[in-house]
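Note that ligands are numbered from 1 as they come in the structure, with each ligand's atoms numbered from 1 the same way.
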Amino acid sequence: MSAPGLRLDGEPRFAWRGVMLDVARRFRPMPDLLRFVDLLAAHRLNVLQLHLTDDQGWRFEVRGYPRLTAVGGRRSGSQVGHGPRSWVDDVPHEGRYTQAELRDLVRYAGERGIRIVPEIDVPGHASAILAAYPEYGVGGADAVRERVREPWTRFGISDEVLNVEEPTLAFVCDVLDEVCDVFDADVVGIGGDEAQKRRWRDDPRTQELRRERGLADEAELQAWFLGRVAAHLAGRGRRVIGWDEMLEGGATGGAPAGATGGAPEGATGGAPGIPRDAVVASWRGPVGAELGARLGHDVVLCPDLWTYLDYRQSDDPAEPVPVGTVLSLEDVASFDPVPQEAPGWFAERVIGVQANVWSEHLDTRERLDYAVFPRLGAFAEVAWNGGPLEWSDFRTRLPAYLEWLGEQGVGHRPLDGPRADQQRPGVPGVPRSREARLAELARLTASLRERRAGGYPSRG
Ligand code: ACM
């Protein structure tokens with residue numbers, strides 16, 4: 001049964017109607033995950049990308065590397081709030097999913113039409129890995145041990161990245177073999193986002209390896225690394241999904257990894273190997289989506305300004321831990337993934353849309369509910385019908401939807417703002433203006449824009 005009040009009939013506009021849930025920063029017990037799957041099914045969504053690893057925690061049981069969960073799955077405290085006035089509490093946070101639990105989740109979700117796409121985020125967002133296995137970090141195990149004593153208790157973008165030695169790639173591939181044993185989806189997430197290049201740039205050994213491999217810079221090194229991982233997964237019959245940073249590494253593409261075997265082990269020279277069958281999750285505005293489509297990648301659109309459900313829902317200072325730009329229910333309803341004027345070559349490549357639920361500040365089920373609902377209702381209609389929604393029509397159907405959410409025990413955000421128990425007085429956030437974020441996105445995606453301008457043939 002689909003949620004009352006939502007218009008989800010006929011044929012869906014998009015094949016990939018996804019939600020990404022960050023269970024790395026905040027572990028959710030299995031009953032919460034099963035409930036989340038039920039709620040996604042009621043919205044006729046069909047992909048749950050599970051972000052299983054990040055700087056703040058590793059949640060996937062890996063039999064060959066037990067310290068990933070034993071050490072990487074526990075931190076001594078967590079940041080409270082955002083920005084310079086935030087602090088770290090001393091409440092330990094831990095949790096892991098056993099492989100048996102995740103197999104159950106895959107089955108349970110599959111019975112409800114939902115594919116679980118696991119995500120192991122490399123080579124950045126690596127602090128939890130390095131707390132457990134410092135030998136995979138940059139600068140030698142002793143130095144890493146000094147820098148990374150446990151998964152990060154802070155939020156933000158860490159400098160810690162994996163090194164690019166062969167044993168590190170072997171480790172990542174071993175982990176992904178276990179991922180493939182548990183998850184039956186044909187797509188596996190390999191992250192690729194926000195990998196800071198400072199450590200690679202400053203490390204003589206990394207630079208030696210980069211030169212040996214004939215790679216011009218750290219962006220190519222990242223693409224090479226991800227290409228190797230993608231090639232390994234191709235051998236397991238999987239293609240990858242990665243964040244749009246994946247495309248930063250110069251001339252990539254080529255045949256699907258399955259056809260070529262991807263970049264050969266120890267390859268020197270030539271293009272790094274993001275295979276053409278890699279799916280690009282485009283989160284930093286339209287640039288990655290457009291470049292990805294031009295290069296022949298399938299694209300999942302998840303622009304933060306329309307789909308990041310951790311972003312604040314209004315300008316009201318009473319919004320709990322206000323971060324990001326304002327993303328109101330009406331803003332989500334205005335999401336137009338493939339505007340009518342979009343060229344055919346672009347429309348053809350957009351396989352779907354995804355709402356991303358980053359969980360830094362969503363530490364309880366109630367706070368997750370508040371962030372996700374009712375915005376997910378508008379998102380689900382966009383995913384099913386295409387956007388934008390006609391607001392006045394959606395608005396007339398909202399009461400039935402909100403009533404249903406209430407009946408399900410979902411603590412959604414009231415339309416007129418947070419109730420007193422949903423606020424977090426005294427916990428600071430960092431609200432952003434749309435203008436400031438657009439300027440930041442322009443800066444972050446400058447290299448992608450250069451590639452786009454660099455003469456990749458229009459497929460139109
Ligand atoms: C992302 O928001 N770091 C993909």
Open item on the list: Among all the protein's non-hydrogen atoms, which is closest to atom 3 (N) of ligand 1, and how far away is it?
Closed with: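 Going by distance alone, atom 3 (N) of ligand 1 is nearest to D193 OD2, 2.7 Å.
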The closest protein heavy-atom partner of atom 2 (O) of ligand 1 is Y308 OH, 2.6 Å
Worksheet item: Within 45° of the six-membered ring axis of F379 and under 6.0 Å from that ring's centre, is NZ or CZ of R375 located there?
Response: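 No, R375 and F379 do not form such a contact.
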Does R213 qualify as a cation-pi partner of W224, given the criterion of NZ or CZ under 6.0 Å from the six-membered ring centre and within 45 degrees of its axis? yes
Between R284 and E194, does any NZ, NE, NH1 or NH2 come within less than 4.0 Å of an OD or OE carboxylate oxygen?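 Result for this pair is no, no salt bridge flagged.
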- Item | Q422 versus E319, side-chain donor and acceptor atoms under 3.5 Å | no
_I need the atoms of ligand 1 closer than 4.0 Å to a non-hydrogen atom of E194, numbered in the order shown._
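Close to E194: 3 (N).
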